[in-house]
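Single-structure report; data block below.
A note on names: the letters A, B, ... follow the listed sequences, proteins ahead of strands, and every chain is numbered from 1.
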Amino acid sequence: MAVSSSATSTVMNNVEAVRATLYEALKSDDRTVILGEDVGARGNVFLITKDFINEFGPQRIIDTPIAEASIVGIAVGMAMEGLRPIAEIQFADFIYPSFNQIVGEAAKTRYRSNGEYTCPLVIRTPYGGGVRGALSHSVSIEALFYHVPGLKIVAPAFPADVKGLLNAAIDDPDPVLFLEHKKTYRLIKGEVPDGHYTIPLGKANLLKEGTQLTVVSYGLYVHWALEAAQKLQEEGLSVEVIDLRSIRPMDKGTILRSVEKTRKLLIVHEDNKFGGIGAEISAMVAEEALFHLDAPIRRLCAPDVPAMGYALPLEEEYMSSPGEMAEAMRELVRF
Amino acid sequence: MTTTMAKTDIKTGKLERYGLTDDKLRALLRNMLLQRQLDNRGFQLNRQGKVPFALGSEGHEALQAGAAMAFERGKDILAPYYRDLGLCLGIGLSPYEILLSIFARAADHNGGRQFPNHYSSKQAGLMSFSSILAAHIPHAVGAAYAIKYRGEQGRAVLVTSGDGTTSEGEWHESMNFAAIHELPMVMLVENNEWAISTPLDKQMAQPEIWKRAAGYGMPGRRFNGFDPIETYGAVKEAMDRARSGGGPSIVEGTCYRYLAHSTDDNDMTYRTKEVVQERRKNDPVPRFEALLVEYGVMSERDVEAMRKDVLRETNDATDRAEAMPYPQPSDLYTHVYEGAWEPWQ
Amino acid sequence: MATTITMPQLGETVTEGTVAQWLKKVGDSVDKYEAFVEVSTDKVNAEVPSPVTGTIREVLVKEGETVATGTPIAVIDEVGAAAPPAPPPAEAPKAAAAPAPAPASSNGAGSSAVSNGTPDSALRAASPAVRRLAREHHVDVRTIKGTGTNGRVTADDVLAAASMGPSAAVGQAIASATPAAPRTAAPPPSGTSTYGEPIPGTVVPLNQARRIIAERMVESKHTAPHAWSMVEIDVSNVWKWRTREKDRFERETGHKLTLLPFFIRAVVESLAAFPLMNGKFTPEGIYVNKDVNVGVAIGLPTNLVVPVIKNADQLSIKGLAIAAGELIDKARRNKLGVDDLSGGTFTVNNNGANGSWASAPIINAGQAGIVTMEAVIKKPVVRDDDSIAIRHMMNSCLSLDHRVVDGYVASGFLADLKKRLERMGPEGSL
Amino acid sequence: MVPKVDTSFERHDLTDEQLVALLRTMVAHRTLESRGFQLNRQGKIPFASAGEGHEAVQAGAAMAFRRGVDVLVPYYRDLGLDIGIGVTAYEILLSLFGRAADHSAGRQFPHHYASRKLGLYSISSVIAAQLPHAVGAAYAMKLRGEERAVLTTCGDGATSEGEWHESMNFAAIHRLPVVVLCENNEWAISTPLSKQMAQPDIYKRAEGYGMPGVLVDGMDPVACYAAVKTALDRARSGGGPALVEAKCYRFLAHTTDDDDRTYRSRDEVAERRKRDPVPLFERTLIENGVMTADDVEALKRSVLDETNEATDRAEAMPYPKPEDLYTNVYSANFQPWQ
């Protein structure tokens, strides 16, 4: 990452990191507007845009009607007409009505006009479970969108990455879907460098080095995978942990280098297994590093059910725990 | 059903021109003739096997010519839909550009990517759009928001749709948002009574679309879309209001779709020849020709000369466009993102 | 009954709360569902209702203090009816039996390909990495004892076998035939195939170990141009030192004290002085090993094995003696594991035990040299002052990979080794 | 709307018993809602939402609903409507606690009740997503020639969704037996009506679709009953759909996760509390001789007892089992790889 102004840093949680970055973007560029449900006086339901409306006014902090298709669609028009909109979908579960505007419009605008029109747009949305959000406040949506050329997808796990990647997303000349795991919002705190910096999209982060197994994850599960890997370290097993950070583009080099070293790959994600991000990673590694593999690639992902239920046992069964991750790692190391 | 054409001033008994000069009236007719000629050319090329698809807007000529004249080039933005050939011509696209698009040549604005009739030109203020009904309307709202947010005076967005599009959720969401923020936007509905095979009474229980405007808290009005002058007056009034901070409105022009939906459609499966012939009596093109002759704006010979000129220009454009090269296979890979890009990095 | 009240989670992403105000003091009575404390979080402010009727016994968190959700904040002495029972664990099967799900395979990372097969097929299943490495290192996977699940041969197993050269592979082949790993692809029964009892006029069939030794010896001889050199070393002082220490050493450690550890000690010191001798030839250049892992060739009735003393340069003579003793012991009991046999960077061959006074050993592939200890023989020696004395003399022979080093380095190494050994003893600290 | 000060009222043919039942639904609504908040603040449940201020419109509408005949497609703030058509306090609490015996077996978020027996449809939290379902159900009724109707509800914010518009348009084209009851409480979480729409009278949109639109005082349960009954009666008898807008108010925050002090003033809420429908209707019934003050007290006690009993019973019930996560994904056992 390139830190431009100072080497000092501030401890923040992920909510504060998103907020600080959005604030900077609003402050530094008056083309930036934020639109979404309850982003104004309420300051977003997670208080990410708290007080923005007081400083930047209702013209730039736009409380929209409950109409997700138009939240994204209007942002597309703003972007085509030279603003830098940051659209918010209140929960990722509500993004479906705007599916066409994201997949059919935003992602194709540059292409269909042969570059004459572009759509520099950020769509932020909190996703993920572990917060008792049940069927409509817990979903992971990344697999529905990562298939789409023209769109970029980011899913950071750490506050410093949130800032660097959100800055990069805002600067990006193309539409970016910025996924924020809501369980990490207040749970995860960390040092965030002061001043403006960006982290390039498509660069994974090697969080922990190891020799016997590569674990690839993103979002909340990165934290749990790291916890599990550290536990295994105490048992004398050496696991390498990679935080993807960007889902599209995805960092092939980091994954391949690691797999060629450890010869074993475990992919951990919260989204459903069938057709998930892990499927693409598995296919890529099978295509490019088959003769380095010393064990079948494994995926620890959500089961093939539509959602996590509200009742605690249903949520726990749906999600993978650090303990389950550790067990999968042990099995694979010993394989 | 027959509709009247050309309001006359009650006091003077003269043609109500809404300030249009003779030159402008002739320009209206030329646009209408060119639109019909180019529409026809698309169908001809399709039947010759030279292009895979064409889509006609016969019956919309008056409405589009009139609305285009209310558009201020270099200032306003047009967010059209796919049956707006006349509008796109009227705001400045040339027949050659139209034919490049029909032939999908490399020199087309979209590099031959888009379906015919999906024109765009940043320079002309013509927004890029897809075939998805109503998907462009929030974009128009966003553009109007940008204009208002930057405090730009004297600019507005003209967005169009057919009657069927008003059933889409995005149409509704867009109207609501534009009204809340009093955006400089005009929603022009070209009500041609047919959404492919779906007639108006299966599209909505309220056939007067402009009446929805009250539900959003904005003005609405209806006009005779077979009359290019009345259309100009209605759209100009709405655009002037939008440009001067008066907020959005819905203007509904009634017209008719004389042809099938596209070269891929056979309208005789859902409506009769007799009905279409009956509606042809109101065909705006010959009627507007007759009107201009009647009021002495043009002679019959002038009209004939204009027709020939339009045909010549169309033929020239066709030959020139057809001779242009296709895009390269490698052009498939450009403009996915800015710069070269691979999903695996 | 006392009820402990914890900081509730107010908001789905909230992790901590601040006690804004105690609405009840210690000693106050409180009704079930009556608010007794106001809590603020960064999402909401809320009054927390009591879960029981009772009296506030204790307040554990001061106003203004922020604690994690779940932290005890107060204790209430309950009066009257007991609190409703906590939900029992969901044990009772539901009336309508649910279709038996098969979550583990779709959810978990449960093993897929291999676990579907029989144990035997699992044993034989060599991963793509194993096949590639085996091909690159000319190792027959079937001869390697796997350390993975169900005895699967792992990529590390192959690399270990490859780095040990022929004898290591042989050792593994032997180990794989022991009862400890009965399902290993064992060599065919070979009662007639040992050195001991060849039947004249018959062909002694090659067992796997023999076959590998043959292949690896040919490979080494063919790829590494061997050169040879020998020095004669006066080991009289070392001999004396060893003789004095050996009884006590054996008593204390259970291992015999031979000349070997003294010799290895001198070898590792010489290797430090001549690091190229601890290298290996690669097409890119001479790779100089960081670690000094000394293989010790041990002759067994059937085969030769070369277990490795890892990081031998970091061991004292005593440490080397114990390490070597353990390896020899294991070798005789067929207990050498892959770790014992892998990773050698240089080899010492104790040929002299059988009386040999000169030999020309074959280098372990992937190393730069192998050095021998020949038999210690008492000889009359003309000393520097022209006097004649009876000394304990030992030849040491070196085979070297001429691609790695030339005679200049090799003879320097041998001279250095000789000098170090002659300086050792007659007394010192082991 | 100007607050009503006098308590004279039009009965619309409701008997004393029905009037008392209306009040009981309203009191039960408020008590159960309060219980959800209390359980959340005690840390026993992760979430609850609130409908205080909606008691009158929901009790009234529920009384117009014909049990065993009509279908209710509610939204997530319809606790009172659900109670009014027959969901019990115990069922409500099973849902709040996420227990196995809940209709959704602990899957759904609180206040997303469903009961096939009662004609109560299953809904999601996604705004306006239920409206097309209501329209589809009404289409089925019309196709089969049944004298039934669908009552579907939404808040004011939901009217901004494209699906709301599409549903209204389709219902009007086919003259379907569906009544869309919009509970206009002026707030969509933090978004006030003025930012939700430029036209604050939602019922006026009806004309644009070609159906009748009606405005009713949502703080008056009897008026709400009458308006919804008229619309449902017409719908059942082939008269087509209608849009009924009941103006009410949301007294509490959106949910237990929300703090409404960040976006509206206490003065505004206090002012609107003056028309709190529960005490207002109590007073109306007492002053018109339908109940005595003691009767009202007894009714409240009875509701509280029932709520307490239901709370303890529901809390003691078991959670679903982890393996219940895998059932009812499809009609039979299913794996994506076959």
Is R313(D) close enough and on-axis enough to Y90(D), meaning under 6.0 Å and within 45°, for cation-pi?
-> yes

Got more than 12 heavy atoms from elsewhere within 6.0 Å of NZ, K189(A)?
-> yes

Is R273(D) positioned over the aromatic face of F251(D), cation under 6.0 angstrom from the ring centre and no more than 45 degrees off axis?
-> yes

Give the member of A129(D), S125(D), G162(D) that has the highest number of heavy-atom pairs under 4.5 Å with chain A.
-> S125(D)

Between A158(D) and chain A, which part of the residue has a heavy atom less than 4.5 Å away: side chain, backbone, both or neither?
-> backbone

Heavy-atom contact with chain A under 4.5 Å, split by part of S95(D) | backbone

Minimum heavy-atom separation for T159(D) to D156(D), with atom names?
-> OG1-O, 2.7 Å

Which residues in residues 184-193 of chain D have a heavy atom less than 4.5 Å from any heavy atom of chain A?
-> A188(D), I189(D), S190(D), T191(D)

Contact class of D93(A) relative to chain D, heavy atoms under 4.5 angstrom | backbone

Heavy-atom side-chain proximity of Y221(A) to M325(A) below 4.5 angstrom | yes

For the pair R299(A) and D271(A), find out whether any cationic side-chain nitrogen is under 4.0 Å from an anionic carboxylate oxygen.
-> no

Sidechain N-carboxylate O distance under 4.0 Å for R42(A), D260(D) | no

Most contacts with chain D, counted as non-hydrogen pairs under 4.5 angstrom, among P65(A), A41(A), A134(A), S70(A) | P65(A)

Please determine if K247(D) and E183(D) form a salt bridge, counting it only when a charged side-chain N lies under 4.0 Å from a carboxylate O.
-> no

Could D102(D) and R99(D) be called an ion pair, given the rule that one side-chain N must be under 4.0 Å from one carboxylate O?
-> no

What option among G43(A), P58(A), G133(A) has the most heavy-atom pairs under 4.5 Å with chain D?
-> G133(A)

Hey, which of E37(A), H137(A), Q90(A) has the most heavy atom pairs under 4.5 Å with chain D?
-> H137(A)

Only counting residues at least two apart or in another chain, list the ones meeting salt bridge (charged side-chain N to carboxylate O under 4.0 Å, His left out) with E55(A).
-> K27(A)

Heavy-atom distance under 4.5 Å to chain D: side chain of L312(A), backbone, both or neither?
-> both

